[in-house]
Amino acid sequence: MTFRQILQGILTLLVVTVAIVILLLVDNTAFGQYDSGLAMEMTQEQALAAMEDASVLLFRGDKERTNHRPEIYANGQLAGRFVETGFLDVKYAVEVDDSEIFHWEYWYEDVGEGIAATSYICYNGDGTVLGYAEETVIEFIDGSIEYEYLFYDADKNAKDYFMDETSLTIYSMDGKRLVETDTAVESENYDIHINTLENAQVDLQDKVLMLVQQFDAWNG
């Protein structure tokens, strides 16, 4: 193969790469934007109230697509969408009619001995802080390490519940199960249910944080 042939091959590859990038930037469907065409039947205030009061939140996503917007159902009724945006500054938002209700952001912190923990902050749609969460490393007597997630209100007062390292369950401080998740997978879709157990009082944004790691697993 001559030098000219090699150069032509490189130029062809560059042209194809640029064309793909342009297509991705122009056509949102190339990013896997998901829209089922379902229409909202509630106002923003009604949708937020429905999600806050629901005993069951269902997040329905398309496992064949990336960067899509899973639908959020509150007790069976469409109430909003879950949206991931950003690259280095990723945030996870709940939207109603394309308006952000709140979102979580996170960053990593080195807690020593090569262990990185994650801190989270939640903002509502106008930028007001709603609360915080912290991935905390607990070291036991036998030297084993476990991660737990602690929650705080906007004034950084600790809440009376925590999430286990799997993000599947939220417990009260005395070990009672308050919120649990389960996942059902079909040929094209996945459903993540967030089930609030009887009389449990857990803030909506903290339930949504349970979804983040599971959403990344399906969306990765």
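One is the number of the first residue; the rest follow in order along the sequence.
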Which atom names give the shortest non-hydrogen contact between Leu150 and Phe162, and what distance separates them? CD2-CB, 3.8 Å

Answer whether the closest heavy-atom distance between the side chains of Gln77 and Gln46 falls below 4.5 Å. no

For the residue pair Met42 and Asp97, what are the closest heavy atoms and their distance? O-OD2, 4.2 Å

Interatomic distance, CG@Asn199 vs NZ@Lys176, rounded to 0.5 Å, equals 6.5 Å

Min side-chain heavy-atom separation Val96-Met51 under 4.5 Å: yes

Indicate the atoms forming the closest heavy-atom contact of Tyr149 with Ser167, along with that distance. CE1-OG, 4.1 Å

Would you say the side-chain atoms of Trp107 pair up with the backbone N or O of Ile121, donor to acceptor, closer than 3.5 Å? no

Partner set under side-chain contact (heavy atoms from CB on, under 4.5 Å) for Asn75, not counting sequence neighbours: Ala54, Ser55, Val56

Shortest non-hydrogen contact from Tyr171 toward Leu178: C-CD1, 3.9 Å

Atom pair CZ/CD1 of Arg60 and Ile192 - distance to nearest 0.5 Å: 12.0 Å

Find out if a path of hydrophobic residues (ILVMFWY) with successive side-chain heavy-atom gaps under 4.5 Å connects Leu197 to Met163. no

Trp104 versus Leu211: any side-chain heavy-atom pair under 4.5 Å? no

Atom pair CD1 (Ile194) and CD1 (Ile72), whose distance is rounded to the nearest 0.5 Å: 8.5 Å

How long is the straight-line distance from CD of Glu100 back to CG of Asp98, given to the nearest 0.5 Å? 11.5 Å

Only counting residues at least two apart or in another chain, list the ones meeting side-chain contact (heavy atoms from CB on, under 4.5 Å) with Asp126. Asn124, Thr128

Glu134 vs Tyr132, test: side chain to side chain donor-acceptor pair (under 3.5 Å). Steps then yes/no. CA-CA 7 Å; Glu134 178 184 31; Tyr132 303 85; over 6 Å; no

In terms of the angle between their ring planes, are Tyr92 and Tyr106 parallel, tilted or perpendicular, with boundaries placed at 30° and 60°? parallel

Same apolar cluster (I L V M F W Y, side chains within < 4.5 Å links), Leu130/Val94: yes

So, taking the atom named NZ in Lys207 and the one named CZ in Phe59, what distance separates them when rounded to the nearest 0.5 Å? 10.0 Å

Would you mind reporting whether Asp164 and Glu148 have side-chain heavy atoms less than 4.5 Å apart? yes

Would you indicate whether the side-chain heavy atoms of Leu204 and Leu57 approach each other to under 4.5 Å? yes

Side-chain contact test, heavy atoms from C-beta onward, threshold under 4.5 Å: evaluate it for Asp182 versus Asn195 and give yes or no. yes

4.5 Å side-chain heavy-atom contact, Lys159 and Asp203: yes

Side chains of Phe151 and Val202: closer than 4.5 Å at any heavy-atom pair? no

Checking Val179 against Tyr161 for the side-chain contact (heavy atoms from CB on, under 4.5 Å) test, could you report, in this order, the C-alpha distance in whole Å, the side-chain angles of both residues, the deciding distance, and whether it holds? CA-CA 10 Å; Val179 184; Tyr161 50 80; over 6 Å; no

Please say whether more than 12 non-hydrogen atoms of neighbouring residues, nucleotides or ligands are located less than 6.0 Å from OH in Tyr123. no

Which atom of Ala79 lies closest to which atom of Ala47, heavy atoms considered: O-CB, 3.2 Å

Does Asp153 reach the main-chain N or O of Asp155 with its side chain, forming a donor-acceptor pair under 3.5 Å? yes

Rounded at 0.5 Å granularity, tell me how far CD in Glu180 sits from OG1 in Thr169. 5.0 Å

